[in-house]
Novice: 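For reference, the structure I am asking about is given below.
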Amino acid sequence: MIYREAGQFKINYQSDSAILPIVQDRMFMIGLMVVSFLVIPVLGSDYFLAGILTPFLILSLAALGLNILTGYAGQLSLGSAAFMAVGAFATYNFMIRIPGIPLLLALVLGGLMAALVGILFGLPSLRIKGFYLAVATLAAQFFIEWALTKFGWFTNYSSSGVISAPEMQVFGIVIDSAAKKYLFTLAIVALLTLAAKNMVRSSLGRSWMAVRDMDVAAEVIGIPILKTKLLAFAISSFYCGIAGALWAFVLLGTVDPQAFDLHRSFQVLFMIIVGGVGSILGSYLGAAFIVLLPIVLNLIGQLFHGAISTQFLSNMEMMLFGGLIIFFLIVEPLGLARLWQIAKEKLRMWPFPH
Amino acid sequence: MNPHRKIGDVILKAENISLSFGGVKALTNISLDVREHEICAIIGPNGAGKSSMLNVINGVYHPQEGRVSYKGHVRDSMHAHEAARHGIARTFQNIALFKGMSVLDNIMTGRNLKMHTNFLQQALYWGATQREEIRHRRKVEEIIDFLQIENIRKTPVGRLPYGLQKRVELGRALAAEPTLLLLDEPMAGMNVEEKQDMCRFILDVNDEFGTTIVLIEHDMGVVMDISDRVIVLDYGKKIGDGSPEEVRANPDVIAAYLGTSH
Amino acid sequence: MQFFIEVMVGGLLAGVMYSLVALGFVLIYKASGVFNFAQGALVLFAALTFVSIEKMGVPFWIALAITLGIMVLMGVAIERIVLRRLVNQPPISLFMATIGLSFFIEGLAQTVWGTEVHGLELGITDEPFDVMGVFISKFDLFAATLSGVLVAGLALFFQKTKLGRALRAVADDHQAALSVGIPLKHIWAIVWAVAGFVALVAGMLWGSRLGVQFALTLVVLKALPVLILGGFTSVPGAIVGGLIVGAGEKLAEVYLGPFIGGGIENWFPYMLALVFLLVRPEGLFGERHIERV
Ligand SMILES: Nc1ncnc2c1ncn2[C@@H]1O[C@H](COP(=O)(O)OP(=O)(O)OP(=O)(O)O)[C@@H](O)[C@H]1O
Ligand SMILES: [Mg+2]
């Protein structure tokens, strides 16, 4: 019986359009949440929590943000890291300039700032499309990097341009241990994922996909193209902005423009290509893959007891990433999420393959 | 013809429309009227400007000269989404479905204009958004029943055969509950049976909801059968306009159109 | 005034070198509809390969010939292994594939040839010389002339020769290309080979200017605004776009930079291109295109 849909009748439209219509999937999700929130923080080692899970979650959030824009609304962006940077710096500035501001509020304001900048750089999408727009998003990447390094105000005139993040406190609890940081990140990411899922399954999500698939037809139906695209830019940038702030505050403990360079933008893009363009699950799978791959490579390197130079490993990593991107685009353009879906469909048939 | 259906006043009026692309004159000084509840066919050889005319009517193309008025809204240039707001819906010559979405979602997009929750409500989903989704889902299911596509509701449209895709596209247009429906070659590439189904849908829509229909079609048999009026275009000019019988007897039309294609 | 002219001329000369990089994109885009982000990686690879072979004691011209051979092989291999398998994918997927490709090639180049910075000497000393009171860098002039000749040559090749016209035709009309009697696959291979050659020349010019190192791949980022300005399909567009970006960037750096803090050449061309596009979305030479439905 393990994984079977038969016998589960959908009695109304409400249950038909539920996020997880199949009982087993719902059980799995509940189990996953219980383990993530209750078991892992207790049992996980600091390295596992701070070195693997937390960056994985934050990058998943960034990938989710990019997936909203690129995967759902069809606007390719090469500047996601820039919006992460805006989120990080804005949150920092809200915190030091408004004494006593709650962390969560600063975080939301930081995200909103990123959304605002996202809208600004999304404006050209009204007139230009495709490659031209992709190239235009590079303008955001370079301009924002430049502005954050150039104007001392953003870094509160710190001489190095790198600033350490202020202490974090939520409802009187100081977030200092690896487990607390992990839980804080997990809560935010889970909440935002639910919100994203809800948006993509309602009319906004359909408008995004309509614009992506055939913009003339979308307009003929009455979908306001510019508003739809700008909302995609805004919401995507909001997600990236929160991810950037988390990356700076929770993970690094410093706010540094270097952490959000073009390379980071490509990294996030690779996550959605490998994981699955236009899939929320794919954002997670892709992030997991891209976070784990270097770790695995390093382990392999250690097997050779330093016989392999780190330089060689990092070059190998580049080749491997590049090769994998090509591989996925050729073999499974819908990424790991699609493979997962196929596996599930097989499982549904099992043990009677038909 | 349905005896109960009565043709009303002119609701769509195009006056002296001229449209060109670079050097190519797609439409030259075309005027036409469409009356409420009417089924009006536009015919003409390839490249005559039929699709261009539909595109002008719902604001996809902007003519260099002339103006269009629909239900008293006069404009010489309007955006497609405004036309949609005034109740004009359409299908395309080359199917323009949203390939990555299911049949259900495609038709649901047709109701977009009638959905009013904002993105924050949608992010929360429970409450207003859910109620709205369910309400519109009900309406969409009616259309799905009407078009007899219940069994493919969850299928991604890209996987459907051509004929069914055309049907889904009609469904998407119907979901907007339009007052004017523009159909660009709804039966092209269909076999006889599929054509009959499509004819029936068109007549039923016209009959049950009183929807005014302007359609482009190459199949003369179909055109003569279902339309109240036929407009003939040739090289971007209007060369005939009248009942099917009148048009069939029009010497210009015979020379320019029927003569060349048969 | 004289200073203005000097800055402007310097910018224009650098602009010709941007045109050269942009040309590599245009070639491939015209023939196969692929926006090849890996062009920058090819530039790096070509320059690294050439320098490394020359360092082994191989004479200049022979090293050049060997590198050219390798670049052609590489172009053909890319076409065979990657792009041919993606033929029916949407253009944006192809674009992303070339981003992957650029990572792969950059990794490969550094695995094979190492990561240190190499100098590249073309035998032209970079001394300024005087044209009617305006000082112009000799190297810039040489590089610009060479690029100019190459660009003009390729433009002529596209306009005047049968093969060139076939190459131009393939992107929009495969049938027309076939009627010239050249199989599509060969055409694409030829185009990739030519793009490899362009990358080699660009790599040598930029390499001797900046040193042969990883940063060379960034040159491609300078060429992208050129493409938005000039359009992906236009050879004259690449030339004029390059000139505008080159001159605009230098002038902005000199006259605008002091007011807003300098270092603006990374983003200024992008902003320039963007503002331009907002006014004229079809680009410099593109025709206004109305989507057919
Ligand atoms: N977007 C466009 N850009 C350039 N030319 C166009 C465009 N749309 C239509 N044309 C031209 O306008 C003329 C009329 O085209 P249109 O599509 O309206 O003809 P049609 O009557 O629908 O023909 P068919 O029966 O083949 O569908 C043709 O010459 C066509 O090439
Ligand atoms: Mg047509």
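Below, read A as the first sequence line, B as the second, and so on, with proteins coming before strands; counting in each chain starts at 1. Given the structure is predicted, the values throughout are model-derived calculations rather than measurements.
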Novice: Ion pair present between Arg138(B) and Glu141(B), side-chain N to carboxylate O less than 4.0 angstrom?
Specialist: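 Salt bridge: no.
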Novice: Which distance, rounded to the nearest 0.5 Å, do you find between the CG of Leu61(A) and the OH of Tyr239(A)?
Specialist: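 It is 7.5 Å, given to the nearest 0.5 Å.
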Novice: Is it true that Lys166(B) and Glu169(B) have a side-chain N and a carboxylate O under 4.0 angstrom from each other?
Specialist: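 Not counted as a salt bridge, because no side-chain N and carboxylate O are separated by less than 4.0 Å.
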Novice: Side chain, backbone, both or neither: which part of Met108(B) has a non-hydrogen atom closer than 4.5 Å to chain A?
Specialist: both
Novice: For Arg212(A), is it the side chain, the backbone, both, or neither that has a heavy atom closer than 4.5 Å to a heavy atom of chain B?
Specialist: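 Only the side chain of Arg212(A) comes within 4.5 Å of chain B.
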Novice: Answer with yes or no after comparing the ring centroid distance for Phe238(A) and Phe83(A) against a 6.0 Å cut-off, counting only values under it.
Specialist: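 Here the rings of Phe83(A) and Phe238(A) have centres that are no less than 6.0 Å from each other.
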Novice: Can you tell me which portion of Phe92(B) sits under 4.5 Å from chain A's heavy atoms? Options are side chain, backbone, both or neither.
Specialist: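 Answer is side chain: those atoms of Phe92(B) sit under 4.5 Å from chain A.
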Novice: Select all residues of residues 103-124 of chain A having any heavy atom within less than 4.5 Å of some heavy atom of chain B, and report them by number, or 'none'.
Specialist: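 Expected list: none.
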Novice: Give, as side chain, backbone, both or neither, the part of Thr129(B) having an atom under 4.5 angstrom from any heavy atom of chain A.
Specialist: side chain
Novice: Check this for me: does any side-chain nitrogen of one of Asp184(B) and Lys50(B) sit under 4.0 Å from a carboxylate oxygen of the other?
Specialist: no
Novice: For chain A, find which of Met101(B), Arg111(B), Gln121(B) contributes the most heavy-atom pairs closer than 4.5 angstrom.
Specialist: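 Top option by heavy-atom pairs under 4.5 Å: Met101(B).
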Novice: Check this for me, if you would: do Lys71(B) and Glu36(B) make a salt bridge, where the nitrogen-to-carboxylate-oxygen distance has to be below 4.0 angstrom?
Specialist: no
Novice: Asp105(B) versus chain A, heavy atoms under 4.5 Å apart: side chain, backbone, both or neither?
Specialist: both
Novice: Where do Ser18(B) and Gln64(B) land on the side-chain hydrogen bond (donor to acceptor under 3.5 Å, both in side chains) test, with the steps shown first?
Specialist: CA-CA 6 Å; Ser18(B) 291; Gln64(B) 280 84 12; over 6 Å; no
Novice: Identify whether NZ of Lys or CZ of Arg in Arg167(B) sits under 6.0 Å from the centre of the six-membered ring of Phe201(B) and within 45° of that ring's axis.
Specialist: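 Output no; distance or angle outside limits.
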Novice: Looking at Phe28(A), I'd like to know if the NZ or CZ of Arg26(A) sits under 6.0 Å from its six-membered ring centre while staying within 45 degrees of the ring's axis.
Specialist: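 Cation-pi check for Arg26(A) and Phe28(A): fails.
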Novice: Using the side chain to side chain contact (heavy atoms under 4.5 Å, CB included) rule, take Met115(B) and Glu133(B) through it: C-alpha gap first, then chi angles, then the decisive distance, then the call.
Specialist: CA-CA 8 Å; Met115(B) 302 179 93; Glu133(B) 286 284 315; 3.5 Å; yes
Novice: Chain B contacts: which residues in residues 214-230 of chain A have a non-hydrogen atom closer than 4.5 Å to it?
Specialist: Met214(A), Val216(A), Ala217(A), Ala218(A), Glu219(A), Val220(A), Ile221(A), Gly222(A), Ile223(A)
Novice: Give, as side chain, backbone, both or neither, the part of Leu231(A) having an atom under 4.5 angstrom from any heavy atom of chain B.
Specialist: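 Answer is side chain: those atoms of Leu231(A) sit under 4.5 Å from chain B.
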Novice: I'd like to know if Asp33(B) pairs up with Lys13(B) as an ion pair, taking the criterion as any Lys NZ or Arg NE/NH1/NH2 lying under 4.0 Å from an Asp or Glu carboxylate oxygen.
Specialist: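 Salt bridge between Asp33(B) and Lys13(B), a charged N being under 4.0 Å from a carboxylate O: yes.
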Novice: Around atom NZ of Lys25(B), are there more than 12 heavy atoms from other residues, nucleotides or ligands closer than 6.0 Å?
Specialist: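 No.
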Novice: How many angstroms lie between atom OG1 of Thr211(B) and atom CG of Leu174(B), to the nearest 0.5 angstrom?
Specialist: 7.0 Å
Novice: Tell me, for Leu120(B) versus chain A, whether the close heavy atoms (under 4.5 Å) come from the side chain, the backbone, both or neither.
Specialist: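 It is neither, since no heavy atom gets under 4.5 Å.
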Novice: Can you tell me which portion of Ile235(A) sits under 4.5 Å from chain B's heavy atoms? Options are side chain, backbone, both or neither.
Specialist: side chain
Novice: List the atom pairs, with distances to 0.1 Å, where a side-chain N or O of residues 333-342 of chain A and a protein N or O form a donor-acceptor pair under 3.5 Å, not counting sequence neighbours.
Specialist:
unit_1, atom_1, unit_2, atom_2, d
Arg338(A), NH1, Gln341(A), OE1, 3.3

Novice: Roughly how far, to the nearest 0.5 Å, is CG of Leu147(B) from CD1 of Ile107(B)?
Specialist: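 The CD1 atom of Ile107(B) sits 6.5 Å away from the CG atom of Leu147(B).
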Novice: Would you compute the distance between atom SG of Cys40(B) and atom CD1 of Ile226(B) and round it to the nearest 0.5 angstrom?
Specialist: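 So the gap between those two atoms works out to 11.0 Å.
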Novice: Would His116(B) and Glu132(B) count as a side-chain hydrogen bond (donor to acceptor under 3.5 Å, both in side chains) here? Give the steps.
Specialist: CA-CA 8 Å; His116(B) 300 295; Glu132(B) 186 176 58; 5.8 Å; no
Novice: Could you name the residues of residues 66-76 of chain A that have a heavy atom within less than 4.5 Å of a heavy atom in chain B?
Specialist: none
Novice: Between His136(B), Arg85(B), Gln130(B), which has the largest tally of heavy atom pairs under 4.5 Å with chain A?
Specialist: Gln130(B)
Novice: Output, in order, the C-alpha distance, side-chain angles, deciding distance and verdict of side-chain hydrogen bond (donor to acceptor under 3.5 Å, both in side chains) for Gln93(B) and Ser51(B).
Specialist: CA-CA 8 Å; Gln93(B) 182 167 356; Ser51(B) 300; 2.8 Å; yes
